[in-house]
Amino acid sequence: MTIFNLYHKIIVVISLFMVCGCASQQSNSPQYDTVTVIDNLVIDENAVPIFPKKAALTTDTARRFSIDLPKRCRVDWNNQSVVSVVPEEKIEIVRLSVGDPMPALNVSDYEFKELTVRQALDKLLDGTDISVIEDEDLYEKITGTITSGQLSDAVELMAKMGRVYYSYDAAAGEIHLSHRAKWMIKMPKDETIIMALLDAMHGADMRNLLVNWQDKTVVFEGNYQTEREVAKIISDISSKKYMIAWDIDVYRVYPRTDNPIVWMNLLPAFGDKNVKMSIPGVVGRALVVSPEINTKTLQEFLHQQANVVLISQGTFAIPNGWQSRFDIGQCGKEERLETDLIIGATGTYGNFGGYKKIDAKIVLRTTGGELSSFNIPSSVGDNYVIIGIPTHSFVTTPETLVSPFAELVVFMSPRVISIVDPADVPTNALTPLAGDALRAFLSE
């Protein structure tokens with residue numbers, strides 16, 4: 001080995017040590033993570049997100065929670081009966097928190113004039129250990145005469161005259177007076193009638209309803225006017241022999257081409273006899289169709305020309321001659337343009353020009369006002385198909401990605417619920433009426 005080769009090898013070895021040293025030095029150097037600074041706050045992968053303080057409000061999903069929505073927003077189209085019979089049941093209203101029984105005292109004839117209820121009772125109870133407490137200010141004056149009798153009857157009469165409620169606390173010897181009270185309604189077992197009762201109470205602007213679906217009761221609070229309105233609703237519903245219910249599907253239809261749905265194709269597809277009436281509205285058109293056109297066959301027809309999306313489904317019921325409504329958004333599959341659409345209905349079942357008919361008025365309206373309405377007389381078993389309602393009716397922006405030929409289609413199937421004396425309920429009442437049984441019912 002020459003001196004030159006030896007020298008060359010030494011140089012290579014020294015170079016390798018230097019390279020390794022540099023690599024080792026680089027591997028031991030500190031590593032710095034990339035950080036983000038926002039509003040003087042350092043944000044990295046381990047940072048905890050900071051949110052602004054939120055007001056103490058019920059969250060949206062909790063606010064929407066409702067036990068009765070699954071009962072309202074579901075239709076079993078495979079087990080639908082156009083006529084059903086339910087036994088008549090008593091609807092009872094009971095006042096709660098009435099306190100202890102009044103003491104068994106007799107009162108003599110008593111006359112009072114232009115006194116508040118408290119003043120009149122103080123005068124009546126003078127000389128007893130019973131005091132009268134106003135739980136709120138009561139200003140209404142009463143005038144009248146009490147004949148001799150039981151103290152409880154006298155207090156009851158004077159409270160009614162002043163439109164106040166009383167409760168007696170025996171331990172304290174106090175009669176408490178208030179403008180408001182609490183009641184419980186014992187409802188029938190049929191959930192359709194319960195829904196109609198609740199809708200009627202909501203229509204009377206009663207929002208503080210506590211519904212127990214297990215024991216079929218409703219608890220509510222109110223004043224004397226509330227009690228009268230509820231009593232009238234219960235009396236009216238109890239006197240009805242029929243109720244009308246509608247099962248509903250709401251579709252948004254997107255044509256597959258740049259052309260609208262050709263609805264005239266409905267006639268050759270199903271036959272002239274299966275489309276009984278055509279009723280134009282300010283917007284759209286209502287068709288009265290036979291049972292041959294149902295949710296299944298209608299969707300099959302629409303799928304030939306368009307994509308069909310079910311955006312809402314549900315049911316609602318009214319006592320004969322009443323009105324109610326179905327909120328699309330309440331039973332909507334998700335937030336959509338049509339969320340604020342309401343389908344209102346007024347209906348009567350009975351004699352219509354010599355025929356047994358359901359005489360209904362169907363109204364479509366939004367927060368912007370009425371969109372369209374249709375007066376629809378139909379036979380039991382007929383269905384409604386509302387067509388030609390442009391989806392652009394619900395667009396609020398100057399431009400949209402929704403096709404100008406997209407439209408809303410509403411399928412409605414009315415049902416009649418006959419309320420009969422329990423002794424007259426047929427043995428086959430749980431079986432949907434059809435054929436001869438249905439014809440016999442309609443001929444009654």
Side-chain angles (χ1 to χ4, degrees), residues 89-188 194 197-198 200-202 204-235 237-238:
E89 295 181 75
K90 183 179 180 181
I91 304 175
E92 185 180 359
I93 180 171
V94 179
R95 191 184 148 212
L96 304 176
S97 303
V98 294
D100 302 312
M102 293 289 295
L105 298 176
N106 291 324
V107 297
S108 57
D109 293 346
Y110 171 52
E111 185 176 346
F112 49 92
K113 185 176 182 180
E114 290 295 316
L115 298 177
T116 65
V117 176
R118 177 179 179 178
Q119 291 170 341
L121 286 175
D122 280 340
K123 187 176 179 182
L124 175 69
L125 297 169
D126 187 29
T128 70
D129 294 331
I130 301 174
S131 58
V132 182
I133 308 296
E134 286 185 347
D135 292 337
E136 55 185 303
D137 292 333
L138 306 172
Y139 300 108
E140 188 164 345
K141 302 291 184 67
I142 59 175
T143 299
T145 301
I146 300 293
T147 58
S148 59
Q150 291 290 321
L151 173 63
S152 57
D153 294 335
V155 174
E156 181 75 23
L157 177 60
M158 295 167 71
K160 285 184 177 180
M161 292 175 65
R163 297 187 175 187
V164 300
Y165 299 97
Y166 76 92
S167 61
Y168 179 62
D169 184 344
E174 296 174 344
I175 296 176
H176 289 260
L177 303 177
S178 174
H179 271 310
R180 299 183 64 81
K182 183 182 293 186
W183 295 268
M184 180 176 69
I185 301 177
K186 299 178 182 179
M187 300 183 295
I194 294 175
L197 177 62
L198 294 177
M201 295 179 70
H202 286 143
D205 203 27
M206 298 174 201
R207 304 298 172 191
N208 57 339
L209 304 180
L210 302 177
V211 184
N212 187 321
W213 289 98
Q214 184 66 35
D215 59 17
K216 303 294 190 297
T217 60
V218 177
V219 174
F220 68 97
E221 294 183 22
N223 55 22
Y224 189 79
Q225 183 63 30
T226 306
E227 181 186 16
R228 292 189 63 182
E229 289 180 356
V230 174
K232 184 179 183 303
I233 290 171
I234 292 175
S235 175
I237 288 181
S238 300

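Nothing fancy with the numbering, it's 1 onward along the sequence.
Partners of Asp126 according to the side chain to side chain contact (heavy atoms under 4.5 Å, CB included) rule, which considers only residues two or more places apart in sequence or in another chain, do not exist here. Judged as a side chain to side chain contact (heavy atoms under 4.5 Å, CB included), and not counting sequence neighbours, the contacts of Thr147 are Asp109. Remark: Asp100 engages no residue in a salt bridge (charged side-chain N to carboxylate O under 4.0 Å, His left out) (not counting sequence neighbours). Residues forming a side chain to side chain contact (heavy atoms under 4.5 Å, CB included) with Leu210 (at least two apart in sequence, or on another chain): Val219. The side chain to side chain contact (heavy atoms under 4.5 Å, CB included) test applied to Val94 returns Glu92, Lys186, not counting sequence neighbours. Listed by chain and residue number, nothing satisfies the side chain to side chain donor-acceptor pair (under 3.5 Å) test with Glu111 (two or more places apart in sequence, or in another chain). Contacts of Asn106 classified as side chain to side chain donor-acceptor pair (under 3.5 Å), with partners at least two apart in sequence or in another chain: Gln150. Not counting sequence neighbours, the partners of Glu89 by the salt bridge (charged side-chain N to carboxylate O under 4.0 Å, His left out) test are Lys189.
Each salt bridge (charged side-chain N to carboxylate O under 4.0 Å, His left out) pair with one or both residues in residues 137-154, not counting sequence neighbours, would appear here, but there are none. Under the ring-ring contact (aromatic ring centres under 6.0 Å, His included) criterion, no residue pair touches residues 121-141, with sequence neighbours excluded. Within the structure, side-chain hydrogen bond (donor to acceptor under 3.5 Å, both in side chains) pairs that include any residue of residues 166-177 comprise Asp135-His176, Glu156-Tyr166, Glu174-His176 (at least two apart or interchain). Listed by first and then second residue, the ring-ring contact (aromatic ring centres under 6.0 Å, His included) pairs that reach into residues 91-130 are Tyr110-Phe112, sequence neighbours excluded.
Below 30°, between 30° and 60°, or above 60°: for Phe220 and Trp183 the angle between ring planes is below 30°, a parallel geometry.
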